[in-house]
Amino acid sequence: MTFRNDFLWGGATAANQMEGAWNVDGKGPSVPDMCTNGSLNSPKRLTAFIEEGTLYPSHEAIDFYHRYEGDIALMAEMGFKCFRMSIAWTRIYPTGMETEPNEAGLAFYDKVFDCLKAYGIEPLVTISHYEMPFALVEKYNGWEGREVIGLFERYCHTIFERYKDKVRYWLTFNEINSGTMPMGSVMNTGTVKGCSGSVFTLPDDPRARFQALHHMLVASARVVRYAHEHYPAFKVGCMTLMATTYPLTPDPDDMLKAQQAMNISNYYTTDVQVRGAYPYFAGRYLREQGIEIRTEEGDEADLRAGTVDFISFSYYMSVCVTSAENENRIGGNLLGGVANPYLKASDWGWQIDPKGLRWTLNELYGRYGIPLMVVENGLGARDVLEEDGSVHDSYRIDYLRQHIREMREAVEDGVDLMGYTPWGCIDLVSASTGEMAKRYGMIYVEKYDDGTGSLARRRKDSFFWYKKVIASNGEDLD
Ligand code: BGP
């Protein structure tokens, strides 16, 4: 048993973290365009207005907008079969509220898809990747406003029709389950109207966040159903941040705590998107949090009718939880926990757990039984660019190798795995910290945290290694 012949090897990115050209050709501002740069110890800030003289990393990012042809050529050189990217909603509808789309924005993605096609690379498009139009935050408190469902549907109908012959694989929302986590308010649900300051300490209103999440789930289901009805060749997936959570000890209290964390953080949204209804445990959780979700007639039917074709997820790390006092806290992508004594962590404190990926694949496949795809995975690290332009990132190769091995084990276990697109195949802006220093790519980009850099691209050692991996369909991992 090995990876299937049509396995989608590739890499993953998001518009706001790489395109730049934030106000070019009619594009409107999105939430990340209003976020400054930061670092692990100095969080990025959300600002209510663009501050003169402040660095906003999404504004130029790595300038994929003007360099996409060269970047896609490099991906093709690695042998990519698939490229995960997102469309910036604000290129198509600059405030999210226009009735007619922005033709220049649509034309840009036509060019990108045509270029991918010329190399035989299949696009996998995230429709909304952490970049809600800022105007919708100001007007509706983001997704808390029910009106946003219709606006999102209009956006989806536009891009489905425009790109129906160019894109087959779609994901509705990136890491939609981050809406169950406090940081999800700024990244995902956009429930931050009138807020400014460090993104780690913005006021968070769980009631607004869960209400917003309900609207996102309804919107997702409606567009999935619409896609199935109008474009039968489309495959539409959900995208979940897999916050794999272990009990720190076999204490039954820890066991229960881990189960509850898995339920709320991971399955609350995935159950809706795959099974078409809120899970049995949602009621008690919401009640105990004092959250009452306003629904409308038709919502239940919408959720039932718009279930996804496959599950995609990000996997970087695992965390432990315990009911006992424990000082040993660790961070992570949106969700922290306590440290696992058996694991080492990256420089940003994300615990490295390749076996946890096999566990996660089995867990998801056992629960849902539909095809899976790992659409984010990787090691954020500080790379050193040598004078001759090389980058010796053996630590990244080790990380990826170990995770691919565990995916192979999962396939042998019987899991139906469609593909693998490691995160940030080309260096780009970090979503959580806004910095360039946290690099994931196989392609190095000469861009630095003070905004300087020639933007030149360089092949890292991992570039040549990954090329071999793809050419051998995951057999040659040396
Ligand atoms: C995921 C996001 C990505 C991304 C990645 C790595 O949560 O979907 O957009 O950037 O994590 O996180 P970071 O950039 O914070 O290191």
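All ligand and atom numbering here is 1-based and tracks the order in the structure.
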Colleague: How far apart are the closest heavy atoms of Thr245 and Ala261, and which atoms are they?
Modeller: CG2-CB, 3.9 Å
Colleague: Mind listing the closest non-hydrogen atom pair of Cys425 and Thr13 along with its distance?
Modeller: SG-CG2, 4.1 Å
Colleague: Do the two ring centres, one from Phe3 and one from Trp9, sit under 6.0 Å apart?
Modeller: yes
Colleague: Any carboxylate oxygen within less than 4.0 angstrom of a Lys/Arg side-chain nitrogen, looking at Arg168 and Glu122?
Modeller: yes
Colleague: Check each protein residue for a heavy atom under 4.0 Å from ligand 1 and list those that pass, ordered by chain and number.
Modeller: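 Contacting ligand 1 under 4.0 Å are Gln17, His129, Tyr130, Asn174, Glu175, Tyr316, Trp350, Glu376, Trp423, Ser430, Ala431, Ser432, Lys438, Tyr440.
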Colleague: Between Asn102 and Tyr93, is there a donor-acceptor pair closer than 3.5 Å when you use the side chain of the first and the backbone of the second?
Modeller: no
Colleague: Please list, chain by chain and in numerical order, all residues satisfying side-chain hydrogen bond (donor to acceptor under 3.5 Å, both in side chains) with Glu19, sequence neighbours excluded.
Modeller: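 Here the qualifying residues are Arg91, Tyr109.
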